[in-house]
Amino acid sequence: MRLQRRGRYAWPASALVSLIAATTLVTGSAAQAAEVAEVVDPAANPSVETRCPWVGSDAPVEQRIDQLVSRMTLDEKLDLVHGSAVPFQFVGPTYAGMISENPRLCIPRLGLSDGPAGVGNGHTGVTQLPSPMALAASWDADLASRYGATIAREARGKGADVVLGPTVDLLRDPRAGRSFETLGEDPHLTGELAAAQVGGIQGEGALAQSKHIAAYNQETLRNLPANDSIVDERTLQEVYLSPVQDVVDAGTASVMCGYNRLNGVHACNNTYLLSQVLKGQFGFDGFVTSDWFATQASHAAANAGMDLQMPGGCHYGPRLRHGINSGAVTTSKLDDMVSRILRPMFRFGLFEREKNGSPDDVVTGPDHAAVAREVAQKGMTLLKNDDALLPLGDDTGSVAVIGDAAGERVIGSGGGSPHVIAPEIVTPHDGIAERARRAGADVTFDDGSQAGEAAGAADVAVVVARKWSTESKDNKDIRLSDKDNEMIRAAAANPNTIVVLNTAGPVEMPWLDDVAGVLAAWYPGQEYGDALASVLYGDSDPGGRLPATFPVSQADLPAADKDRFPGGAYDEGLAVGYRWYDREGIEPLFPFGHGLSYTTFGYSELEVDGDGGAGTTVTATVTNTGERAGSEVAQLYVAHPESAGEPPKRLEGFRRVELEPGESERVRFELDERSLAQWDVDADQWVRGAGDYTLSVGGSSRDLPLTGDLAVADEMPVSEPTPPPPPGAPKGDDPAWTKIGNVARCPVESLYAGMIGAISLFGLPPGEQATRPPRNPTDEG
Ligand code: BGC
C-alpha cells in the first residue's frame, strides 16, 4: 500500500491497477527477462581500465562512443534503447523511468525523474517550487536558470540523472489540463525561459529532457487516434517549434516526443518532426525519448528518429530485434540511437560519477525554499489595485482572510507528472497572519461560508479563490466555481476587497468591477503564504507580468471553437495568445505582459541599431517615476510589414529591471535571425521579408509608448532549409495492418497506451499537496 500512497497519482486500489500489475508482471517482465543481455561477471575482469577503456578516458567523446558501441552486442544495444520498468515504477517510489546498468561494459544505469516544477514521482523531502506558469510570470531568465538548477540538485540528490523538463508546450488554450506546467502563450518568452532552465539544470550535471515535441496542447483523448493536431507548417515552425529550437540551441541533452498525432502521424514516429526538423534543421545530437506509453510503433518509430522507449521495452526490445533481423531497421540506425543516448552520458561524466544520492534522501533545504519564495514573489501579478489600496500598511487595523483555498484547500502544485509534494505549505492564512501580527493588525479567517460578514467586520478582505488543474484531464471552462464567485461577491460588500487567484492560468472575473484589487498568484508552491504577505504588505513589489492573456469571456479564446479545442484544428494559425486578440480586435480583460507595480515607470530614448539581422540592437531607457523602489519588465514587440502575413505584433525581447525611485536604466534587446523573419513554406526555411518593420517598447503588449522603424531592403533567407527525410524513414503513419500487428505483438504496452487516453475522460485523483497537510485555522479550535 505504501506505493499507492506515495505514487504520483495516488491511485485508489482499483481493479484497473490490479490489471496493470498482473499484466505487467506476467508479460512485461517476462519479455524483458528473456532479452536481458548475457552479463559477464565483472569480478572475473578486475580492471575497469582494461575492460572499459572509455571510462575516465581523455579521448574525444565521439571516439569513446565508437569504442564502446563497437563492443556492444545486439542485446546490449537493445537494452540501452528502452526503459527497464518494473511494475509500478512509473508511479513511484523511485524514478519515472530507468535504463538498466550494464556492468560488463561499465555503463551506469540512467534514472529519469519528473519534472518541470521540482522532483515529482511521489517523492518527499523535496522543494515544491511554484509552477512553471508562475516562473513565466516573473519574466526573469536568471531566475529560470536558478529554478532549473534547484530541480537538478534535488533530482541528483535523489540519485537521478535526467530531469524530465522543462516543458516547452505553449499555452494554446487555458482550459488545457497542463496549462500550469507551461511557460505561457508566447514562443519567445517560453523559449528564453526554457533555454535558461536547461542551462540551470545541465549546469548542475543533470541531463535536461525538454518536452514535448510538438503541438501537444491538450489532454482530451491524448495518445488516441482522435488526438490529432492539424497544424500548418508555418504555424508549426514559427509558433510551436520555435521554443524547441531554443532549447536545442541551449544544449538540451534530450527531447521527449508527445502523446498527440501531428497532421495524422503520431509525434513519436513522425519523421518530419524528429528527423527532418529536430535532428536535421535544429542540429540536435542528443536523444529523443517517447513520452510514457506513447510508443505506438517499433520499426517506424526507430526509422522516424525516436531513440529511447519509455518506460518499458516491447517495441524497442523484441520488436526492434525483429526489425534488425529482418532488415526493416538497419544496424547503423540502431548504432545511431545508442550513440545519441551515450553522447550526453559521456559529456556529463556519468561513466565516472559516483552515485551517492538515494530516493530516500531529504534534498530540500533553506536555500531551495528561498528560490521557491523568490519565484512566488516575482511571479505574483497584480492585475488591479484601485485607489492604491495595496500595499497594506501599519494603518490597516484588521484583515479578514476568506476562502478554504487560503487554508486546507490551498493549491501549491498542479496534478500529474509535474506534481510535487511539499514538506509543508505556508498557506495564505499562515503567511498573512504572521506578517499582519508584525504590523499590529488583527487577522480573522472564514472558510467562505460567511464571506460577507467576515469581510464586513474587517478593514480589508483578502479572498482566495482556486481552480484545480491537472495533467490527464482538460478543464471544461475557465470559470471559477459558482461557490467561489458567490464568495467573492459576498466579500465585495467591503469596498476594500482584494481577490487572490490560486489558479493554473486565466479565469473569467464576472465580479471584477465590484472588487478593489486582484492578484494572480498561480500555483505558487510551498512558500505561497510568505510570498503573498510580502507582496500584500509591499515588502516586495508585485513582480509578475502576465505570461497569458486573460479574456473577458471564454468565448473570446483563440481556440474557443470546439473544432479547435479539443478538436485539434489549429486554424487560428499564427494567432496564438495576444496575437489573436490583436488580429481580431478583441479587447482582453487583462492583456499579455500586463502587471502593476507599487511604483510607476516611464520609457524614453528608443534607439535601433542594425539591419534587422542577428546582432541588431534596440535600446531604451526605463525610469522609475514613482516614490518607491520597484520592478518593471520592459518588453519589445515587432510589427512585420503587412505583406509578411503576420499577426499585428510578436514579442521579441524582454528585460526585467529593479529600480530605486528616480533611477533610470538603459535596457538593451538583441535581435536574433528569427526576430524579423517569417517561415517560407515553399523554401522550407526562415526568410526575412523586405519592408518596414516597427519595433515598440513598453510595459505590456497593450502599453507601448516607444516605437521605432527598421526598413529591410531585400528579402533574404536567414536559415538553412529543412533537410529531406533520411533514407528509410517512414513517409507517414504505419499502415493499418502494421498498427494491428504492433498492438498484437506488444499487447501490454498497447493496453497502457489506450488507458492513457481513456483516463483523460475521467481524470486522476489529486495528489497530496504536502506531507503535513494544510489546515484551516478554525479546525485548530
Ligand atoms: C507525461 C510526461 C512525464 C511522464 C513521466 C507522462 O504522463 O506526459 O511529461 O514526464 O509521464 O512521468
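Keep in mind that what you see is a predicted model, and the values were worked out from it rather than measured. In each ligand, atom 1 is the first atom listed, and ligand 1 is the first ligand listed. Excluded from the calculations below are hydrogen atoms, water molecules and symmetry mates; all remaining heavy atoms, backbone and side chain alike, are included.
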Within a distance under 4.0 Å of any heavy atom of [X], pick out the atoms of ligand 1 and give their elements.
X    : result
H212 : 2 (C), 8 (O), 9 (O)
D114 : 3 (C), 5 (C), 10 (O), 12 (O)
M256 : 2 (C), 10 (O)
W292 : 4 (C), 5 (C), 11 (O)
K211 : 2 (C), 3 (C), 9 (O), 10 (O)
S417 : 1 (C), 2 (C), 3 (C), 9 (O), 12 (O)
L164 : 10 (O)

Can you find a pair of side-chain heavy atoms, one from [X] and one from [Y], that are under 4.5 Å apart?
X    : Y    : result
K158 : V126 : yes
Q296 : V743 : no
D474 : K476 : no
L164 : W292 : yes

Ligand 1 to Y216 polar contact by distance, N or O atoms, under 3.5 Å: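 No, no N or O pair falls under 3.5 Å.
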Any N/O pair E181/ligand 1 closer than 3.5 Å: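 E181 vs ligand 1: no N/O contact under 3.5 Å.
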K355 with D161: basic N within carboxylate O range, under 4.0 Å: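 A salt bridge links K355 with D161.
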Parallel, tilted or perpendicular, as decided by the 30° and 60° cut-offs, for the rings of Y523 and F180: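 If you compare the ring of F180 with that of Y523, the planes turn out tilted.
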Mutual orientation of the aromatic rings belonging to W468 and H419 [parallel < 30°, tilted 30-60°, perpendicular > 60°]: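 Rings of W468 and H419: perpendicular, as their planes differ by over 60°.
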Y240/Y216 aromatic ring centres below 6.0 Å: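 Not under 6.0 Å, so no.
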Test item, [X] contacting ligand 1 (heavy atom, 4.0 angstrom):
X    : answer
F293 : no
M310 : no
R178 : yes

Best match, D291, T289, D169: closest heavy atom to atom 2 (C) of ligand 1: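 Going through D291, T289, D169 one by one, D291 has the nearest heavy atom to atom 2 (C) of ligand 1.
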R340, R343, R347, K279 screened by side chain to side chain donor-acceptor pair (under 3.5 Å) with D285, the one that passes: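 Per the side chain to side chain donor-acceptor pair (under 3.5 Å) rule, the option paired with D285 is R347, out of R340, R343, R347, K279.
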